[in-house]
Amino acid sequence: MSAPDTRQAAASQGAPFKAALVQMRTAKNVGANVEAASALIRQAAAEGASYIQTPEMTGTMEENRAALFAILHEEESDPALAAFRTLAEELKVHLHVGSLAVRASEHRAANRSYLIAPDGSIAARYDKIHMFDVDLPNGDVYRESTAYRPGEIAVLADLPEIRLGFTICYDLRFPALFRALAEAGAGMIAAPAAFTRPTGEAHWHILLRARAIETGSYVLAAAQGGKHENGRETFGHSLIIDPWGTILAEGGTEPGIITAEIDPAKVAAVRTRIPSLDHGRRFELVPPGEVTRLRVAGDAA
């Protein structure tokens with residue numbers, strides 16, 4: 001008797017459920033952002049969603065380092081996190097706060113995602129691994145590593161119906177992370193984000209659909225959208241994508257919610273149809289000039 005496929009079992013462990021994504025246009029004031037997010041979270045819960053995700057930087061879109069550190073809190077005293085924990089317990093939902101800026105040390109913040117259980121406890125936390133440091137052709141400059149320290153641990157959590165993998169925004173461009181999460185049993189991968197408009201227009205849909213197809217997973221990406229108080233313009237278009245790469249729901253650029261049914265059995269069906277997660281092989285990369293010709297199957301040693 002063969003051993004059970006733990007990846008497939010973890011990915012298809014429950015009945016269909018409704019998921020919702022909250023799209024925001026976060027400003028600098030934490031209290032106002034929490035109030036705006038909470039109203040949309042309540043709407044999503046009222047529509048029957050048991051898993052609700054908000055975007056990256058739900059708490060504040062403050063990019064000035066000095067101003068950010070003036071309002072930063074450690075996790076234990078963060079007012080936004082406390083408010084969301086209370087709300088999750090009241091609504092009896094799994095509330096996935098895409099990320100909050102929290103104080104990690106005297107000189108560094110963490111861009112941290114939280115999964116809050118229906119009893120208000122923190123079920124999982126994930127610190128964004130890949131930092132977005134770039135000079136864009138339009139003159140925009142982003143130096144995430146100036147204020148934030150990168151995470152070092154990939155994170156999974158079990159919802160009642162499916163195993164969830166965590167990523168945040170720029171992580172989307174690193175497919176090895178998504179594959180590792182899927183190989184560890186994630187059937188749904190979260191990618192809350194604040195993509196810029198130029199990069200979103202070029203890559204948002206393509207990358208998210210590719211990650212879903214490559215891993216045979218649902219990919220859910222709550223997004224920031226529109227022109228923010230700090231002058232930054234984000235792309236919006238929150239997406240729920242199924243394991244075949246089909247877009248089930250999509251937002252525009254305005255704040256609001258989108259919902260879709262998540263069926264864990266579809267993950268198992270797609271991975272059976274295209275079992276690429278089982279077919280990965282280790283290989284050696286040989287620099288140019290070190291091999292005169294490729295060895296083919298059947299060659300003598």
Inset, instruction - Mind listing the closest non-hydrogen atom pair of Leu68 and Ala147 along with its distance? - result: CD2-CB, 4.2 Å
Legend entry - Within-4.5 Å side-chain heavy-atom neighbours: His96 and Ile52: no
Legend entry - Leu181-Val155 co-clustered via ILVMFWY side chain contacts under 4.5 Å: yes
Legend entry - Between CG on residue Leu248 and CD1 on residue Ile262, distance to nearest 0.5 Å: 6.5 Å
Inset, instruction - Indicate yes or no: at least one non-hydrogen side-chain atom of Ile71 is less than 4.5 angstrom from one of Thr60. - result: yes
Inset, instruction - Look at Arg25 together with Glu254 and state whether they make a salt bridge at an N to O cut-off of under 4.0 Å. - result: yes
Inset, instruction - Indicate, with yes or no, if Met24 and Leu208 share a hydrophobic cluster defined by side-chain heavy-atom contacts under 4.5 Å among Ile, Leu, Val, Met, Phe, Trp and Tyr. - result: no
Inset, instruction - Show your reasoning for whether side chain to side chain contact (heavy atoms under 4.5 Å, CB included) applies to Asp127 and Glu152. - result: CA-CA 8 Å; Asp127 288 357; Glu152 298 179 341; over 6 Å; no
Inset, instruction - Decide, yes or no, whether a salt bridge links Lys128 with Glu56 under the criterion of side-chain N to carboxylate O below 4.0 Å. - result: yes
Legend entry - Within 45° cone of Phe69 ring axis and under 6.0 Å: Arg65 NZ or CZ: yes
Inset, instruction - Check for a donor-acceptor pair, side chain of Asp133 on one end and backbone N or O of Glu144 on the other, with a separation under 3.5 Å. - result: yes
Legend entry - Flag, side chain of Asn111 to backbone of Ala101, donor-acceptor distance under 3.5 Å: no
Legend entry - Same apolar cluster (I L V M F W Y, side chains within < 4.5 Å links), Met131/Val102: no
Legend entry - Lys/Arg N to Asp/Glu carboxylate O, Glu63 vs Arg232, below 4.0 Å: yes
Inset, instruction - List the atom of Cys169, the atom of Ala194, and the distance in Å for their closest heavy-atom pair. - result: SG-N, 3.5 Å
Inset, instruction - Measure from the side-chain N and O atoms of Arg271 to the backbone N and O of Gly216, and report whether any donor-acceptor pair falls under 3.5 Å. - result: yes
Inset, instruction - Kindly give the heavy-atom pair with the smallest separation between Ala80 and Asp78, and that separation in Å. - result: N-OD2, 3.1 Å
Inset, instruction - Using the ring pair (Phe, Tyr, Trp, His ring centres under 6.0 Å) rule, take Phe195 and His237 through it: C-alpha gap first, then chi angles, then the decisive distance, then the call. - result: CA-CA 10 Å; Phe195 252 55; His237 294 272; over 10 Å; no
Legend entry - Side-chain heavy atoms of Phe166 within contact of Leu156, under 4.5 Å: no
Legend entry - Linked, directly or transitively: Leu95 and Ile168 (ILVMFWY side chains, under 4.5 Å): no
Legend entry - Gly252 backbone acceptor or donor facing Gln23 side chain under 3.5 Å: yes
Inset, instruction - Spell out, as yes or no, whether a donor-acceptor pair under 3.5 Å connects the side chain of Ser121 to the backbone of Ala117. - result: no
Legend entry - Arg209 to Trp204 six-membered ring, cation-pi geometry met (6.0 Å, 45°): no
Legend entry - NZ/NE/NH1/NH2 to OD/OE distance under 4.0 Å, Glu89 and Arg85: no
Inset, instruction - May I ask you to decide whether Glu261 forms a salt bridge with Lys18, counting only side-chain N to carboxylate O separations under 4.0 Å? - result: no
Legend entry - Contact check, side chains of Ile240 and Ile258, non-hydrogen atoms, under 4.5 Å: yes
Legend entry - Leu91 side chain near Arg42 side chain, heavy-atom distance below 4.5 Å: yes
Inset, instruction - Please examine the side chains of Arg112 and Leu100, heavy atoms only from C-beta on, and report whether any two atoms are closer than 4.5 Å. - result: no
Legend entry - Shortest non-hydrogen contact from Gly187 toward Val267: O-CG2, 3.5 Å
Inset, instruction - Could you check Ile116 against Leu87 for side chain to side chain contact (heavy atoms under 4.5 Å, CB included), going step by step and ending with a plain yes or no? - result: CA-CA 10 Å; Ile116 304 171; Leu87 185 59; over 6 Å; no
Legend entry - Main-chain N/O of Leu172 paired to Arg211 side chain as donor or acceptor, under 3.5 Å: yes
Inset, instruction - Output, in order, the C-alpha distance, side-chain angles, deciding distance and verdict of salt bridge (charged side-chain N to carboxylate O under 4.0 Å, His left out) for Glu74 and Arg103. - result: CA-CA 5 Å; Glu74 295 181 350; Arg103 185 179 293 275; 5.7 Å; no
Inset, instruction - Report the C-alpha separation of His228 and Thr26 in whole Å, then their side-chain angles, then the decisive distance to 0.1 Å, and conclude whether the side-chain hydrogen bond (donor to acceptor under 3.5 Å, both in side chains) test is met. - result: CA-CA 7 Å; His228 296 259; Thr26 297; 5.7 Å; no
Inset, instruction - Answer with yes or no after comparing the ring centroid distance for His94 and Tyr51 against a 6.0 Å cut-off, counting only values under it. - result: no
Inset, instruction - Give the C-alpha distance, both sets of side-chain angles, the deciding distance and a yes or no for ring pair (Phe, Tyr, Trp, His ring centres under 6.0 Å) between Tyr170 and Phe174. - result: CA-CA 8 Å; Tyr170 192 47; Phe174 299 86; 5.3 Å; yes
Inset, instruction - Output yes when Arg143 and Asp135 qualify as a salt bridge under the 4.0 Å nitrogen-oxygen rule, no when they do not. - result: yes
Inset, instruction - For Lys227, look at atom NZ and say whether over 12 heavy atoms of other residues, nucleotides or ligands are found less than 6.0 Å away. - result: no
Legend entry - Worked verdict on Gln224 versus Met61 for side chain to side chain contact (heavy atoms under 4.5 Å, CB included): CA-CA 10 Å; Gln224 297 280 352; Met61 195 69 85; 3.8 Å; yes
Inset, instruction - To the nearest 0.5 Å, tell me how far Thr167 OG1 sits from Tyr126 OH. - result: 6.5 Å
Inset, instruction - Kindly say whether Thr234 contributes a backbone atom to a donor-acceptor pair with the side chain of Thr196 at under 3.5 angstrom? - result: no
Legend entry - Hphob cluster co-occupancy, Leu177 + Leu239, side-chain heavy atoms under 4.5 angstrom: yes
Legend entry - Under 3.5 Å: donor-acceptor pair, side chain of Arg163, backbone of Ala184: yes
Legend entry - Candidate pair Ile257 and Leu21, rule side chain to side chain contact (heavy atoms under 4.5 Å, CB included), full reasoning: CA-CA 5 Å; Ile257 66 168; Leu21 304 184; over 6 Å; no
Legend entry - Distance in Å, Phe132 CZ paired with Thr199 OG1, rounded so as to fall on 0.5 Å steps: 5.5 Å
Legend entry - Rounded distance [0.5 Å steps], CD in Gln43 versus OG in Ser38: 13.0 Å
Legend entry - Side-chain (Ser99) to main-chain (Ser113) donor-acceptor, under 3.5 angstrom: no
Legend entry - Backbone N/O of His130 and side chain of Asp171: donor-acceptor pair under 3.5 Å: yes
Legend entry - Atom of Thr54, atom of Val97 and distance for their closest heavy-atom approach: OG1-CA, 3.3 Å
Inset, instruction - Drop me the distance from Lys92's NZ to Asp119's CG, to the nearest 0.5 angstrom. - result: 8.5 Å
Inset, instruction - Kindly give the heavy-atom pair with the smallest separation between Tyr218 and Asp263, and that separation in Å. - result: OH-N, 3.1 Å
Legend entry - Non-hydrogen side-chain atoms of Glu75 and Leu81 separated by less than 4.5 Å: yes
Inset, instruction - Enter the distance from Ile162:CD1 to Lys266:NZ here, rounded to the nearest 0.5 Å. - result: 12.0 Å
Legend entry - Heavy-atom check, side chain of Leu207 versus side chain of Arg173, under 4.5 Å: yes
